[in-house]
Structures are given as C-alpha cells and as structure tokens.
Amino acid sequence: MMPLTMARPGETVTIRKITGRDEVRQHLAELGFVVNSDVTVVSQLAGNLILQVKDSRVPLDKTMANRIMI
C-alpha cells in the first residue's frame with residue numbers, strides 16, 4: 001500500500017484503507033472516499049490533488065491525501 005499522493009495524474013486507483021481519527025475518516029467518507037471505491041487523479045500540484053470521485057471532482061490537500069492508502 002502507498003498513500004494517494006503517490007498516484008500520477010490520469011491514473012485510476014482503488015482505495016484500500018483510510019487512516020486518521022474518526023472525524024477525519026467520516027469527513028472523507030462524506031466526500032465519497034470509501035474503501036474499495038475507485039478514484040481518478042485529475043491533476044496534482046505541490047502534492048495537492050484534484051480527484052474524480054463518482055460524478056464529482058474533489059480537491060484534497062496533501063495531508064488529507066496522505067491518509068488515504070491505495
């Protein structure tokens with residue numbers, strides 16, 4: 001497993017694990033980041049990501065993206 005920040009733009013990956021406090025995991029789940037779901041990296045700038053989750057694009061900063069393991 002590796003953090004989501006290691007994925008390249010254009011790559012579609014599957015979420016394997018989400019780490020962090022319960023509030024953090026709940027917040028990410030509300031945004032659509034749940035285990036075994038697919039996300040596509042749209043773009044990356046200085047570690048910050050724009051991700052395609054289901055039918056929406058979600059920006060995620062580097063610290064939050066590092067909590068998502070793929």
Side-chain angles (χ1 to χ4, degrees):
M1 277 192 295
M2 61 183 181
L4 183 57
T5 52
M6 300 294 286
R8 301 277 170 238
E11 190 175 359
T12 299
V13 296
T14 302
I15 297 173
R16 297 290 174 213
K17 182 179 177 184
I18 299 175
T19 62
R21 298 191 320 266
D22 287 342
E23 305 88 57
V24 172
R25 292 197 315 259
Q26 179 65 33
H27 176 67
L28 289 170
E30 289 169 358
L31 291 173
F33 297 98
V34 291
V35 175
N36 292 326
S37 66
D38 291 335
V39 296
T40 303
V41 179
V42 177
S43 66
Q44 180 178 21
L45 180 63
N48 301 318
L49 303 170
I50 296 178
L51 304 161
Q52 181 82 32
V53 183
K54 296 180 178 119
D55 292 330
S56 60
R57 289 187 177 194
V58 180
L60 208 60
D61 73 338
K62 189 176 190 176
T63 57
M64 292 295 263
N66 276 324
R67 297 176 191 274
I68 300 173
M69 297 295 162
I70 56 173

Between Leu4 and Leu51, is there a side-chain heavy-atom distance shorter than 4.5 Å?
yes

Heavy-atom nearest pair, Thr5 first then Ala65, reads CG2-CB, 3.5 Å

Got Ile70 and Met2 here, is their nearest side-chain heavy-atom distance under 4.5 Å?
yes

In this structure, CD1 of Ile18 is separated from CD1 of Ile68 (nearest 0.5 Å) by 5.5 Å

Please check if the number of heavy atoms outside Met6 that lie under 6.0 Å from its CE is greater than 12.
no

What's the spacing between Leu49 CG and Thr40 OG1 if we round to 0.5 Å?
12.0 Å

What's the separation between atom CD in Gln26 and atom CG in Leu31, rounded to the nearest 0.5 Å?
10.0 Å

Hydrophobic cluster identity match, Val53 and Val13, side-chain contacts under 4.5 Å:
yes

Within residues 43-56 or reaching into it, pairs that qualify as side-chain hydrogen bond (donor to acceptor under 3.5 Å, both in side chains) - sequence neighbours excluded:
Gln52-Arg57

Would you say that Met64 contacts Val24 through its side chain, given a criterion of any heavy-atom pair below 4.5 Å between the two side chains?
yes

Name all residues meeting the side-chain contact (heavy atoms from CB on, under 4.5 Å) criterion together with Ser37; count only those two or more places apart in sequence or in a different chain, and write none if there are none.
Ile15, Val34

Drop me the distance from His27's NE2 to Phe33's CZ, to the nearest 0.5 angstrom.
9.0 Å

Quick one: hydrophobic cluster around Val42, which other residues, with the 4.5 Å side-chain cut-off, linked directly or via members?
Ile50

At what distance, to the nearest 0.5 angstrom, does OG1 of Thr19 lie from CE of Met1?
9.5 Å

